[in-house]
Structure formats: structure tokens, C-alpha cells
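Take a look at the structure below.
Here is the naming used below: chain letters follow the sequence lines, and residue numbers restart at 1 for every chain.
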There are 2 protein chains.
Amino acid sequence: MKQFTKHAIKKSLKRIFLYRACLVRLKTMGVEKVFSYTLANESGVTSDQVRKDFSEFNIKGNKRGGYDINDLLERMEKIFHRNKDHNIVLIGMGNMGMALSKYNKFVQRNMNIVATFDIDPFKHKIRSDLPIYPMSRLKEIIDRFRVRVAIIAVPEISAQEVCDELIRNGIKGVVNFAPVLLKAPPEIVINNVNLCDELESVIYYVHQLMSGDGLKNIELLYRDMKY
Amino acid sequence: MKQFTKHAIKKSLKRIFLYRACLVRLKTMGVEKVFSYTLANESGVTSDQVRKDFSEFNIKGNKRGGYDINDLLERMEKIFHRNKDHNIVLIGMGNMGMALSKYNKFVQRNMNIVATFDIDPFKHKIRSDLPIYPMSRLKEIIDRFRVRVAIIAVPEISAQEVCDELIRNGIKGVVNFAPVLLKAPPEIVINNVNLCDELESVIYYVHQLMSGDGLKNIELLYRDMKY
DNA sequence: GATTTGATGTGAAACAATTCACAAAACATG
DNA sequence: CATGTTTTGTGAATTGTTTCACATCAAATC
């Protein structure tokens, strides 16, 4: 059987996120330039890898002089389209939705949750700083704020239904915190974040390491098992 | 420079999570057996891939008969050590920590948050169903409940410090929700979940798809960009 | 300004993951 | 019970990713 899709998220792109996180930290520490091996050390990859990744995204440094952190960050802003503001809607104001609506790092990175939605918009109104709308006003808000990306934090039973509704109203990308795999047309970007799986995979590797018999599979782990 | 580590989380293992999610759903729909291509269709990979993955984990089916869903799920339980109970501690009872402490899916998968910790254990006591302890009682609780895995949901400024403290007290695996890359010895399993990155990567791909110029990199996306 | 040094950038080589292709097994059918 | 059909399981081929190795350049030093 022929696979429907090509190319999931590229590993090199995931590492660009990693590099940026390190660069931001180095910058706050007053560092102004890095060498490929500095960044490599910080992020737990090889210096070759850093240079290859940069080369893929056409990021150039100075021979012998390394890379200027401000240049790098600016370049990465462009890669991630962070020069613009991004309006986001959040569906589901249960425990997780409420926590996400108060997560101030989104704003710091130009991602603004402009509105939240819930089937029962009055339930938590007091505890929320953001407006909570009923689902019936979805289209209106999405159009007004030109929203293209949504966060789903509803119970698993209604996640697919909500997702379909979002797509009908023009949403192109979804981060889904409900523990179900969403189905959507291929032109829609879906990122399922499954908290149980994240925890379970840690338990899996801890067992492997402690029992020792699985070492053929892992040998050594870095500070983030995803890289 | 030689890289410090070999082998991050295996892609095949990540797909096993995916298969299980699909199998659970199929089971609730009354399905009892699957063929490699059934499961492939459900999970958006190829049937070859499914069989290769099963082969890697020594999962056998019946020639012509496909796979029995109950068998498969049982086999996967063993892979993930889900036959046993796992005691977890949660550090940080801010918005995110509070939401995680109320997330009932963990319990359904035999992962029990036995205690939570906060520098200010009285702050939210009323709203929490779980005991909130001061950090000074970390060792006592970890030892009593034989905890090996922790969830970090503290502000980024204290995340590394908390992580070090956890490792000193016997924790072997960490899921970290603070937006920093944690450093830890190689024998410790760390899974950094960065909410901003999850959202940003969706924005990135939505832009790629809409502008069309990046299609050389992605072509088509499935329902989850991670696979 | 010639020479040494230390870094980048990138083809080539090695390694890993995926897809292909088909033998082997199990069931159905006549 | 022989034959045809369907599906698994897995080596072989292909494709993708990482590592190696070194030419190239820019600065530092003599």
C-alpha cells in the first residue's frame, strides 16, 4: 500500500527550535556570538549537525568568527514567521484550557489567544481573563481576527467534532490536547499533544535503563529523549 | 566533535503509541481483529511499516488471519510496563500544575500522581484534590511511594534547580513543562514538552502550506505532523 | 605580507529508516 | 486434498539523515 503522505516535520526544523531556545538563553547571559561547537554543546548535538542544519536553512556564519547571536535569532524569526502577530483561538475552558489561556509565554512569542470558546461559556467566566464565547460565535470571531490556528482542549469525546467545525470555519492548523488522533484533510496541519503518551514514554525508557536489557536500543540518553 | 549520545526515542516506538490509540478506538467500536492495512489506514502509515514495526517488537500475527486486537493491546501493555502501577510526583501547582493534577487520563493508564509539591503549599490547597507538600518533604514522599518519575510544572527560572533536586532524591525520569531545556546526567530520561514550540511549529507549517513555496519540504501532511 | 591557526561549509561515506517484493503460511473453495 | 487467494514476515533495495574529512576562508601572529 502506498503511503498517503510524505515528510512529517523535519528533524532539522525541530532542532532549529532547540538552537533558538539555547541562543535566547545565551543572549540573556550576555553572550553575543557562538561557534557551532558552543551551540552544539548547549543543545546536545554535534557541531557538524549544527552546521549542516544551518546550511539547509541557508544560514551563514563568518569563517573563523562563528555566528552572531542577534543575526541568528533574526534569521530564525523569519523562518518561524515570528515577525508577524498570530491570533489564536482556544476551544474548551476546562482545567487544561484554563491553564493554557493563562500561559503567558504565548504572548511573549507574538501568539495571542484572542478568544476562548466553551459549550458552557458562563461556567468559569469569573476565573478567566479572556472572553469566553459560545461555539455559535466561532465564525464571527475567526473572521474578525483572521485566525488561522486553534488550540483544542475539549474532552476527547467532542474533539473530532470541534475540529471539523474549526476547519469548516477556516482554521488551517490545530494543536490538539485531547487524547485522540484527529482526522483532517491533508492540507490541514494537526499537532496532537498527548500528555499520557509523553509520560508513558518516559516510564518506558526509565524501565529500559533500570532493567538494563534494552540498552541495545538506547545506549545513552541525552537531556531530551526527542533529539 | 563526537556526540555524547546515541539513539533518541525510536520512531518505531512512537508509532506503537499511535497504533495503540487506534486499536483502543477500534476495540470500543466492537472490532476484534485487524490486518496490517486496516491499522495502517487508521494511523496514516503504510502497511509495510506496521508489519516492520511489529516485527521489531516481536509482535506476531496470523498469516491470512491478521492480528487479534486484544492480543495486540496486551502485548503493548507489556512493552509499556502498564501491567504495573506507577507512582508520580508533580512539582509546581501553578495553573499548569493544577490542570495536570486534575487530568484523569493518567489514572486510567495506571499512572498515579501520589503527591504534589510547591514552594507555597498553602496557596491553592482548597482547589486541589491532592496533597500539596513543601519541597522539604520531597525525599520522604519519593521514598515512601517508590517514585521514579516526576512532572515539572514550575516557572522556567526554577526548573533546573528543581530537576537537580529531584535527581538527587532518586528520580530517574522527568516530563518537563517549563520552557527550558533541562540538563541532566545521561542515565536520566528527560522529556521536555514545550507548549510554545508545539504551537509555533503549527504556525510554521500553516504558513508553508499557504504560501506554497515550501512545498518541496512537506508536500502533504497527515493528521499529525509528528509521524 | 607570509604563515599559522581555528573556524565554516559541504561533498562523500556511513548509518538508519522506509519501501519494495516475494516466499511462506493459513484459510477457503471446489 | 489440490488449488487459489490473502495476508504475514522479512531480506534487499531505496531513500533519508548523520558523521567524517577536508578545502576554504578570515583573523592573528610573526
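Which of D/dG9, D/dC25, D/dA21 sits closest to the side chain of A/Asp48 comes down to D/dA21. Side-chain atoms of A/Lys52 lie closest to C/dG11 of the nucleotides C/dG11, D/dG9, D/dA21. Listed nucleotides C/dT19, D/dT7, D/dA21 differ in distance to B/Tyr37; the shortest reach to its side chain belongs to D/dT7.
Residue A/Ser36 places at least one side-chain N or O under 4.0 Å from the OP1 or OP2 atom of C/dT8. Taking 4.0 angstrom as the limit, A/Gln49 places none of its side-chain polar atoms (N or O) nearer than this to OP1 or OP2 of D/dT17. The phosphate of D/dT10 has OP1 or OP2 within less than 4.0 Å of a side-chain N or O from B/Lys60. Note on A/Ser55: every side-chain N or O is 4.0 Å or more away from OP1 and OP2 of C/dG9. OP1 or OP2 of C/dA17 has not a single side-chain nitrogen or oxygen of B/Arg15 nearer than 4.0 Å.
Note on B/Gly65: nothing from the nucleic acid sits closer than 4.0 angstrom, heavy atoms only. Across all strands shown, A/Phe54 has no heavy atoms under 4.0 Å from either base or sugar-phosphate atoms.
Surrounding CD of B/Glu32 are at most 12 heavy atoms belonging to other residues, nucleotides or ligands under 6.0 Å away.
One interatomic measurement links the two molecules: NZ of B/Lys33 to C1' of C/dA26, which rounds to 11 Å at whole-angstrom precision. Note: NZ (A/Lys14) to P (D/dT17) measures 14 Å, nearest angstrom. Distance CG (A/Asp71) to C1' (C/dT8): 15 Å, rounded to an integer number of Å. Rounded to an integer number of Å, the gap from NZ of B/Lys11 to C1' of D/dT15 is 12 Å. As rounded to whole Å, 12 Å separates atom C1' of C/dT18 from atom CD of B/Glu56. A/Leu13 places its CG atom 17 Å from the P atom of D/dG16, with the value rounded to the nearest Å. As rounded to whole Å, 11 Å separates atom P of C/dG6 from atom CZ of A/Phe35. Here the C1' atom of nucleotide C/dC20 and the CZ atom of B/Arg51 are 10 Å apart, to the nearest Å.
Side-chain atoms of A/Asp53 and A/Tyr19 form a donor-acceptor pair, as typed in the model, at a separation below 3.5 Å. Defined by atom type and a distance below 3.5 Å, a donor-acceptor pair is missing between the side-chain atoms of A/Asn62 and A/Lys33.
When atom types are taken as modelled, the side chain of A/Glu42 and the backbone of A/Leu23 share no donor-acceptor pair closer than 3.5 angstrom. With A/Asp197 contributing its side chain and A/Ser201 its backbone, the two residues share no donor-acceptor pair below 3.5 Å.
Using the six-membered ring where Trp is involved, B/Phe17 and B/Phe80 have ring planes that are parallel, under 30° apart on the 30 and 60° scheme.
Place A/Ser12 and A/Asn62 on DNA chain D by their nearest nucleotides, and A/Ser12 ends up nearer the 5' end. Looking at which nucleotide of DNA chain D each of A/Asp53 and B/Tyr67 is closest to, the 5′-most match is held by B/Tyr67.
For C/dA7, the base has no donor-acceptor partner in the side chain of A/Arg64 [N/O atoms by modelled type, under 3.5 angstrom].
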